[in-house]
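In what follows, chains carry the letters A, B, and so on, assigned in the order in which the sequence lines appear, proteins first and then strands, with residues in each chain numbered from 1. Because only heavy atoms are used, hydrogens play no part in the values below, and waters and symmetry mates are left out as well, while side chains stay in.
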Amino acid sequence: MSSSMSSPAINADISEMLLELGKHEMNVNQNRFKYQMYRKAAKSVVDHPKRIQSVAEAKGLAGVGAKIALKIMDFVANGSNRQLDRVRQSDTNQSINELLRVSGIGPKLAAKLMADGIDTIDRLRTIADTLTDHQKIGLKYVDEFERKIPREEIQKIETLLTAKMNEFNKNLLLTICGSYRREARESGDIDVLITHRNVTSDQMKFKTNTYLKDSVRSLQKCGLITDRLSLGDTKFMGVCRLSKECPHRRIDIRFLPLDQYFCGILYFTGNDFFNQQMRKHANEMGFTLNEYSLRRLGLTSVPGEPIAITSEKEIFEYIDFPYKEPRDRNF
DNA sequence: AGGACGTCGCATTTCG
DNA sequence: CGAGATGCGA
DNA sequence: GTCCT
């Protein structure tokens with residue numbers, strides 16, 4: 001989904017090439033900075049209103065330098081890109097990408113598995129006993145986790161979650177963020193934020209609470225949560241299923257103190273590019289904004305104490321940034 | 001020319 | 001055994 | 001790989 005629908009993605013093919021090269025840098029070469037630069041370039045390209053025709057035109061785009069400009073021209077002239085073709089036919093690349101489908105397996109382990117001759121998911125199953133709990137669950141649901149979640153299913157999960165949480169503690173509040181909150185028709189996973197009316201970050205500094213663990217236990221008991229990838233005092237990562245007819249879904253639940261709840265909702269609603277732009281604007285207005293708080297910057301750029309926030313809208317008002325409904329944050 | 005590029009919670013491994 | 005480092009995901 | 005200093 002490109003940010004502006006004005007001219008329907010005239011450079012979409014170039015953008016996809018760059019994204020694929022970026023993925024290769026991340027997955028095979030383990031270079032996340034090159035990956036991010038390719039992503040940035042890909043976004044510039046897809047937002048560019050006319051077909052890229054020259055090196056100069058390419059280099060004018062943010063994130064596109066000499067090297068990527070040449071790759072773009074190669075692609076435009078030949079309908080393909082030599083490096084991309086080489087990457088695609090590489091057995092190593094194909095194997096690593098197959099292994100990376102398993103949640104909990106990253107570039108490091110994938111490379112090690114390759115060295116040990118484990119180059120397919122089928123072979124991975126033969127050594128499943130050596131995997132961590134997280135990786136075993138990733139393997140078990142490898143196909144299900146790749147299915148998109150229809151909005152209607154998340155709405156039902158939201159209703160169920162709200163009912164269960166309320167039943168177990170009336171002071172708990174809940175918001176499902178991510179692309180669901182941006183009103184997407186379907187989402188890749190479910191990102192839930194919860195807080196408690198009476199819990200502050202000051203309290204949590206010296207005393208943790210069990211609201212998250214208790215919530216998770218209650219949701220396991222009713223059968224919604226089926227597996228756990230990780231669980232601490234503030235973050236649960238795991239698996240849920242609405243009913244036996246539905247696939248298993250990835251779900252994250254975070255517990256935040258009330259004073260950080262709204263910055264958290266803003267942050268986890270995204271998208272990434274929207275957050276980036278809003279944080280930049282905050283800086284220009286003399287603030288610093290992150291997932292926890294909004295703080296005014298002093299003369300020496302030293303952040304002051306967090307500003308008290310009681311709604312998401314307030315954050316926009318403080319930094320004089322025009323309010324955008326979640327559905328309009330797909331930058 | 002050379003450093004920055006987001007940061008952090010959790011699970012696991014490694015070091016002492 | 002505990003403290004720090006690493007991998008991973010987001 | 002690109003940008004900034």
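For the pair A/R279 CZ and B/dC5 P, the interatomic distance rounds to 12 Å; values are reported in whole Å. The NZ-P distance, from A/K67 to D/dC3, rounds to 12 Å in whole Å. The CG atom of A/D233 sits 17 Å away from the P atom of B/dC8 (whole-angstrom rounding). Distance CG (A/N275) to C1' (B/dG6): 11 Å, rounded to an integer number of Å. Note: CD (A/E291) to C1' (B/dG6) measures 10 Å, nearest angstrom. Atom CE of A/M37 is separated from atom P of D/dC4 by 9 Å (rounded to the nearest Å). At whole-Å resolution of the value, CZ in A/R228 and C1' in B/dG9 are 14 Å apart. Following rounding to the nearest Å, A/F236 (CZ) and B/dA11 (P) show an atom-to-atom distance of 11 Å.
Side-chain contact annotation: A/D74 with A/N78, donor-acceptor N/O pair under 3.5 Å present. Between the side chains of A/T210 and A/D214, at least one donor-acceptor pair of N or O atoms lies under 3.5 Å. A donor atom on one side chain and an acceptor atom on the other are not found under 3.5 Å apart for A/T159 and A/Q155. Judged by distance alone, the side chains of A/H134 and A/S230 never bring a donor and an acceptor atom under 3.5 Å apart. Judged by distance alone, the side chains of A/H24 and A/Q83 never bring a donor and an acceptor atom under 3.5 Å apart. If you check the side chains of A/D233 and A/N209, you find no donor sitting under 3.5 Å from an acceptor.
For A/K40, the side-chain atoms get nearest to D/dC3 when compared with the rest of D/dG1, D/dC3, B/dT12. The side chain of A/Q36 sits closest to B/dG6 out of B/dT12, B/dG6, D/dG1.
A distance below 6.0 Å separates the ring centres of A/F331 and A/F274.
Using a 4.0 Å cut-off, some side-chain N or O of A/T234 falls inside it from OP1 or OP2 of B/dC10. Distances shorter than 4.0 Å separate none of the side-chain N or O atoms of A/K59 from OP1 or OP2 on D/dT2.
Using a 4.0 Å heavy-atom cutoff across all strands shown, A/A41 reaches no nucleic acid atom at all. Note on A/F268: nothing from the nucleic acid sits closer than 4.0 angstrom, heavy atoms only.
Spacing of P atoms, B/dG2 relative to C/dA10, comes out at 37 Å, to the nearest Å. Across C/dG9 and B/dC5, the matching P atoms stand 23 Å from one another, rounded to whole Å. Look at the C1' atom in both D/dT2 and B/dC8: the space between them is 26 Å, to the nearest Å. Comparing D/dG1 with B/dC10, their P atoms sit 37 Å apart, to the nearest whole Å.
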Under a 4.0 Å heavy-atom criterion, the protein footprint on nucleotides 2-10 of chain C, written with B, S and -, is -----SSBS
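For the pair A/K43 and A/F273, the cation-pi test (distance below 6.0 Å, angle within 45°) is passed. Relative to the six-membered ring of A/F268, A/R254 meets both conditions, a distance below 6.0 Å and an angle of at most 45° to the axis. A/F236 does not carry A/R228 over the face of its six-membered ring by the limits of under 6.0 Å from the centre and within 45° of the normal.
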Nucleotide pairing, DNA chain C (Watson-Crick or G-U, distances under 3.5 Å), in dot-bracket with [ ] and | = |||.||||||
